K.L.:
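Sharing a structure with you now.
None of the values given here were measured: they were computed from a predicted structure. We number each residue from 1, following the sequence as shown. The basis for the numbers below is simple: all heavy atoms, side chains too, and nothing from hydrogens, waters or symmetry mates. Both counts, for ligands and for their atoms, begin at 1 and track the order of listing.
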Amino acid sequence: MEYQDFIVPIYEAVLDGNAPAAKAAVEVALLEGVPVEVVLKEGLINAMAEVGRLFEENEYFVPEMLVSARAMQSGLNILKPLLAEIGAPSAGRVVIGTVKGDLHDIGKNLVGMMLEGAGFEVIDLGTDVSPEKFVKAAVDNDAAIIGMSALLTTTMPSMGATIKHLEEQGLREQVKVMVGGAPVTDGFAEQIGADGYSPDASSAVRLAKFLVEI
Ligand code: B12
């Protein structure tokens, strides 16, 4: 059998949002000797790219995207230790979190999973993340991007505070900042000096790739 015969079931399980099938298909592919990078790129990453496309075409909605992202994650969890071993190149590290005072994390999680699906290493700080914590995590992990999510108009200013804190630490040039969440707009992103805004998880992947120039 060809590699492709083991890749198709992975791809389809992710598109179907079937996490147990995705996990099983990844295990079979590895047992059959398909290289880890091929499983990752041609199976999981390509499938998530297709999910992103379907979402943009209004064929998939947030619930479908969430179950697909979870299926991708269950396959990725098996690959992670193996990828670390072979030192597969990552697209870059992204520190992501929901800003201080804000506990909404569904959109942030989706963005994080889509970024992982696109080959980024994601360090998820969770919710209620202070500017200091964002900046410290970016430094500690040598991150290329900080991604902040806010769902409340009252917590949006914390995004600006994080950018200020980056500037104060003399790190603004080293780290790109992208922002999102339902109340956030392009204009707001520009006003606080962020490097980019995107309205949903699939365009967040495009934005992240643009910011790290890949
Ligand atoms: C679910 C929900 C909750 C849940 C959150 C559960 C959880 N684990 O997240 C619970 C019940 C806990 C909750 C609590 C509250 N909520 Co609430 N909540 C919502 C609701 C219904 C949906 C949010 C959601 O998950 N959407 C689905 C996801 C997929 O969409 P998304 O978050 O926008 O994310 C997408 C994009 O924005 C983007 N994106 C998101 N993050 C990022 C980050 C980056 C870097 C990028 C590039 C892109 C990006 O990509 C995502 C995927 O496509 C919204 C209503 C709404 N329409 O938004 C209200 C809403 C956000 N909540 C609201 C309020 C007021 C509250 C409370 C204050 C209520 C209260 N009085 O207690 C509390 C606040 C708690 C707190 N401190 O955070 C208001 C906010 C009003 C305002 N203008 O500020 C809203 C708008 C409801 C309303 N119409 O009044 N809430």
K.L.:
Compare all side-chain heavy atoms of Val95 with those of Asp140 and state whether any distance is below 4.5 angstrom.
P.N.:
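No - every pair of side-chain heavy atoms lies 4.5 Å or more apart.
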K.L.:
Out of all atoms in ligand 1, which are within 4.0 Å of some heavy atom of Ala182? Include the element for each.
P.N.:
33 (O), 37 (O)
K.L.:
Would you mind checking if Glu132 and Lys136 are paired as a salt bridge, meaning a charged N to carboxylate O distance below 4.0 Å?
P.N.:
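Salt bridge flag = no for Glu132 with Lys136.
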K.L.:
Does the protein put a heavy atom under 4.0 Å from atom 63 (C) of ligand 1?
P.N.:
yes
K.L.:
Near Val111, which atoms of ligand 1 are under 4.0 Å from a heavy atom of that residue?
P.N.:
39 (N), 42 (C), 48 (C), 49 (C), 50 (O)
K.L.:
Tell me which part of Thr154 gets within contact of ligand 1: side chain, backbone, both or neither, using heavy atoms under 4.0 Å.
P.N.:
neither
K.L.:
If we count only non-hydrogen protein atoms and require a distance under 4.0 Å, does atom 26 (N) of ligand 1 qualify as touching the protein?
P.N.:
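There is no protein heavy atom less than 4.0 Å from atom 26 (N) of ligand 1.
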K.L.:
Under 4.0 Å from atom 69 (C) of ligand 1, is there any protein heavy atom?
P.N.:
no
K.L.:
Will you find, in the side chains of Ser203 and Asp200, an N or O donor that is under 3.5 Å from an N or O acceptor?
P.N.:
yes
K.L.:
Looking at atom 12 (C) of ligand 1, would you say a protein heavy atom lies below 4.0 Å from it?
P.N.:
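It does not: no protein heavy atom is found less than 4.0 Å away from atom 12 (C) of ligand 1.
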K.L.:
If we count only non-hydrogen protein atoms and require a distance under 4.0 Å, does atom 90 (O) of ligand 1 qualify as touching the protein?
P.N.:
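It does not; no protein heavy atom is within 4.0 Å.
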K.L.:
Just which atoms of ligand 1 are under 4.0 Å from any heavy atom in Asp200?
P.N.:
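The atoms of ligand 1 under 4.0 Å from a heavy atom of Asp200 are 38 (C), 50 (O), 53 (O).
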K.L.:
Can you pull out every salt bridge (charged side-chain N to carboxylate O under 4.0 Å, His left out) where at least one residue sits in residues 162-185? Sequence neighbours excluded, please.
P.N.:
Arg172-Asp195
K.L.:
Identify which of Leu152, Thr153, Thr127, Val94 has a heavy atom lying nearest to atom 65 (C) of ligand 1.
P.N.:
Leu152
